[in-house]
Amino acid sequence: MTARKRSSMSTPYNPESVEKAAQDYWQESRCFEVLEDQDKEKFYCLTMFPYPSGKLHMGHVRVFTISDVIARYHRMQGRHVLQPMGWDAFGMPAENAAIKRGVPPAEWTYNNIDDMRDQLRRLGYAYDWTREVTTCRPEYYRWEQWLFTKMFEKGLVYRRNSVVNWDPVDQTVLANEQVIDGRGWRSDALVERREIPQWFMKITAYADELLDGLDDLPGWPDSVKTMQRNWIGRSEGVELSFAVEDEDEPLVVFTTRPDTLLGVTYMAVAAEHPLAAKAAADNAAIAAFIDECRQSHAAEASLETMEKKGMALGIDAVHPISGEKVPLWVANFVLMSYGTGAVMAVPGHDERDWEFAKKHGLEIRQVIAPADGSEIDIDEGAFTDYGVLVNSGDYDGMDSQSAFNAIADYFEETGLGRRAVNYRLRDWGVSRQRYWGAPIPIIYCDDCDAVPVPEKDLPVVLPEDVEFTGHGSPLKDLTEFYETTCPRCGNAARRETDTFDTFVESSWYFARYACPDNDRKMLDDREAYWMPVDQYTGGIEHAILHLLYSRFFQRVMRDEGLSAASEPFTNLLTQGMVLKDGAKMSKNKGNTVDPQELIARFGADTVRLFMMFAAPPEQALEWSDEGVQGGSRFLKRFWGAVQNHVAAGTAVDLDVAALDTGQKDLRRKTHETISKISDDIGRRNMFNTAVAASMELLNAVNRFEDGSDQGRAVEREALEAVVLMLSPIVPHICHALWQMLGARQDLCCRRRR
RNA sequence: GCCCGGGUGGCGGAAUUGGUAGACGCAGCGGACUUAAAAUCCGCUGUCCGCAAGGACGUGCCGGUUCGAGUCCGGCCCCGGGCACCA
């Protein structure tokens, strides 16, 4: 009797009951709850925690499954694995829901967390739920308020004016996302740039360390490191000053190309620059232009893509070497917040300057010639390469590098400038004019200025039962919140009503999982055991901001004596987007697929299997409803194969010396597959090919119709291998099949043989 | 606009270090089982020419390096992500 003929006698695969049984077992045995154990090799496996938007989406399922596969794999390798979960719970959607449905943001958020926690449980992830962290709880955010006050003492935070998007109709600050084609998303009013005082964290103080640290992260993708390097944008150049006619203050600019200095034919300042304001005072056209510049979206992408516009100010600067007059312009592409708010323009050797000069009939002067002696026509386009200086007086004939040094020396000797390092990176503005966030722990006193809230008065608790109208933050109208006394002098004072950027919460949560229950310290000894995170998995969309802020915070915590680690994440896996119809799946676009329905229909294992099989984790995954079926079919075949094998009775021990050719072939296939899958999961993060290899081995088993004692022993070895190898990906069915195969040991907690 | 990715059959993808392009799966077609359908199982399936044997073409486009290119180099096109207040 062949194995296949027996299939009619078997019980069918029922994912719902199989998965319930496995999940009950894991919960009762508490096998994913881990305590610090110095004798065991720790492995901290972390996923970027979700924003509790209401329901899990496919992007969540993908990233959590990737991380769970890695966690379970390392667990099987005998490591002591921590995989926690929590909630990035502050943010705008809660306020939007409050406006739309009248539910307080806190209530909406806590309900969503409860729903999503249930959904996560149904997917069978190996989480230590005892360490759950929720960022909107005072016991969490009190510690970032505390750290902020420590940073204040060290001068790592400061307050200055900076630009926000202002909706003049709704009288409120808008996020970039809320500005659509330059207009407010609700009011449709033209958005204005407005300057208001805001708090900043000095991430630039760590710019060099954040840059150099990238060289010590071999476990990070090169693309992410390159993006961060470019974002920090360290450049070496010269800061030099141009005298301005009839002005006492010179105009200071930074350039990486002092070798092109004699090619400067005009200069440009930002619309907010004092010189522009001065020129506007008695020129209505310039005033109108500055007004026009103000009416724009604050996002860099819109500034870079909009039409480059400018106006001559009628003021001249004096070239510091030639003494020639250089006209001053105001231009919409120069930003007050970046550098000094002024740039020198070399249209002959810079593309943007060239285009601007062409458009406004400004002089284009060649001062660099190609090093190879070839001819160029500067009228046809800017020449941006390094080369040999021409039309530059004493510097003629020097190469760019020598000229850089000679000109830099000249400025340092005359005191008109100096060599300087410039960063593209700007300090981190953390103030948000919103309600649903962690209050910034500052008290304003007429006599003492801004005073940090003393440690004994922390946390500054965000009131949760508030009237939410949508017209500005309710905190601004809540006297019992903002009325207070100055901690320094005791006089009546006013509390800060702005809250933190939600990136603040996500910049240190990974460390707090080590000791979420400590109500006396931000971090304790347990942090030293678990940190740094061994494997961090999350969306590629966080390649810069979240990951850079976290690297910054880790260093701030280190310098505060809270941690020994400089880098928070040793290995990083950036998972690609889940796309549908070529675009990121998102509620906004209405192209979501609900994982809940698929789980109800096929079970969690099928959904997990399909997500891992459909594409390698780093690539974008284009969703297709077909293919899930295939995963389900495979699991049924898998179930049937093991069941048929077991139904035929106990297999004898394998006698390697006694195998015939066919038996040897299957055995070789088994061991080749083990070797391949270990590499695929353990080194390459190629879960899709690991699944494919498992399918191939199972196909080979199903073709193998050898009922002899040794045939059955070889078949058993193959089936056991498939169960073990697939268990990180489809843990529930493997839990059941492992028991069916007569396991003496629990699968998920077993060590490598 | 700038920075970072990606583009391979009808579809998702494989090819790990420059060495047989298309593993595995989906869809499709043919067959078995069934009164029938579903499910399941077996077989075929890059395109074109051919009854076949076989041949030609083929990894977004153009060019290059190499005995040999999906893979390396140069130039382009298209798609996705990020651009500092979406998370």
Side-chain angles (χ1 to χ4, degrees), chain A residues 4 7-8 12 48-53 59 88 90-93 96 162-165 173-179 198 203 221-231 233 298-306 308 333 337-338 351-352 355 424-434 437 501-503 505-506 538-546 548-549 574 576-577 579 582-584 586-588 609-610 613-616 618-631 633-634 636-637 640 676 679-680 683-684 686 688-696 698-699 702-703:
Chain A
R4 210 155 285 117
S7 58
S8 58
M48 291 179 189
F49 64 167
Y51 176 78
S53 54
D88 187 16
F90 277 133
M92 281 205 311
N96 295 336
S162 87
V163 175
V164 293
N165 301 305
V173 175
L174 298 179
N176 284 335
E177 192 191 46
Q178 297 171 313
V179 180
Q198 306 201 66
I203 189 171
D222 288 335
S223 59
V224 173
K225 288 189 278 190
T226 305
M227 278 191 263
Q228 292 214 350
R229 270 186 204 107
N230 293 338
W231 185 261
E300 190 186 283
S302 5
L303 292 169
E304 291 274 342
T305 49
M306 70 190 178
K308 308 284 181 291
F333 55 86
S337 55
Y338 186 32
E351 274 166 34
R352 190 175 67 182
E355 274 163 34
R424 211 188 73 92
L425 181 69
R426 309 198 293 262
D427 278 335
W428 177 13
V430 293
S431 294
R432 295 293 179 271
Q433 297 69 45
R434 275 183 261 285
D501 176 4
T502 58
F503 273 121
E505 283 87 63
S506 57
I540 184 66
E541 68 271 25
H542 296 293
I544 295 173
L545 293 180
H546 162 62
L548 193 62
Y549 293 148
T574 49
M577 307 259 152
L579 309 176
K584 179 180 176 177
S586 77
K587 249 185 187 168
N588 281 353
L609 180 71
F610 174 71
F613 184 51
E618 309 217 58
Q619 262 179 47
L621 184 155
E622 171 72 34
W623 180 263
S624 81
D625 293 314
E626 300 88 16
V628 180
Q629 293 260 9
R633 254 201 301 269
F634 170 73
K636 281 181 201 163
R637 274 203 305 273
K676 175 173 172 53
D679 192 45
D680 282 351
R683 181 182 65 88
R684 295 207 305 153
M686 289 284 281
N688 54 330
T689 55
V691 172
S694 302
M695 287 174 169
E696 280 190 67
L698 192 74
N699 290 344
N702 281 340
R703 275 194 305 269

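Keep in mind it's a predicted model, so treat the numbers as computed, not measured. Chain letters run A, B, ... following the sequence lines, proteins first, then strands; residues in each count from 1.
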Take atom [atom1] of [X] and atom [atom2] of [N], then tell me their distance rounded to the nearest Å.
X        : N     : atom1 : atom2 : result
A:Ile540 : B:C83 : CD1   : P     : 12 Å
A:Asn96  : B:C86 : CG    : P     : 12 Å
A:Glu351 : B:C2  : CD    : C1'   : 12 Å
A:Leu545 : B:C85 : CG    : P     : 7 Å

Taking only the [atom1] atom of each, what is the distance from [N] to [M] in whole angstrom?
N     : M     : atom1 : value
B:C86 : B:C72 : C1'   : 39 Å
B:G22 : B:A14 : C1'   : 7 Å
B:G5  : B:A53 : P     : 46 Å
B:C42 : B:G58 : P     : 36 Å
B:U8  : B:U59 : C1'   : 4 Å

Select one nucleotide: of [options], the one nearest the side-chain heavy atoms of [X].
X        : options             : answer
A:Thr689 : B:C85, B:C4, B:A14  : B:A14
A:Arg432 : B:A84, B:C85, B:G81 : B:C85
A:Ala615 : B:U16, B:U40, B:G13 : B:G13
A:Met577 : B:G81, B:C4, B:C86  : B:G81

Report which part of the nucleic acid [X] touches: base, sugar-phosphate, or nothing (heavy-atom distance under 4.0 Å, all strands).
X        : value
A:Glu300 : base
A:Ala299 : sugar-phosphate
A:Ser431 : base
A:Thr502 : sugar-phosphate
A:Val164 : base
A:Met686 : sugar-phosphate
A:Leu425 : base
A:Gln228 : nothing
A:Trp428 : nothing
A:Gln629 : nothing
A:Ala543 : nothing
A:His546 : nothing
A:Asn699 : sugar-phosphate
A:Phe613 : base

Would you say [X] reaches [N]'s phosphate, i.e. side-chain N/O to OP1/OP2 under 4.0 Å?
X        : N     : value
A:Arg684 : B:A14 : no
A:Arg633 : B:C26 : yes
A:Asn176 : B:A84 : yes

N-O pairing of A:Glu696 and A:Arg703 below 4.0 Å: no
A:His542 and A:Phe503 aromatic ring geometry - parallel, tilted or perpendicular at 30°/60° bounds: perpendicular
Residue matched to [N] through Watson-Crick or wobble contacts both under 3.5 angstrom:
N     : value
B:C51 : none
B:A87 : none
B:A23 : none
B:C2  : B:G82
B:C76 : B:G60
B:A37 : none
B:G30 : B:C42

Does [X] make a side-chain donor-acceptor contact with the base of [N], cut-off 3.5 Å?
X        : N     : answer
A:Arg637 : B:U40 : no
A:Gln433 : B:C85 : yes
A:Glu541 : B:C4  : no

A:Glu304 vs A:Ala301, nearer the 5' end of RNA chain B by closest nucleotide: A:Glu304
A:Lys636 or A:Asp88, whichever maps to the more 5' nucleotide of RNA chain B: A:Lys636
Side-chain donor or acceptor of A:Arg424 paired with backbone N/O of A:Trp231 under 3.5 Å: yes
A:Asp680-A:Thr689 side chain donor-acceptor pair, cut-off 3.5 Å: yes
Anti/syn call for B:G9, syn if |chi| within 90°: syn
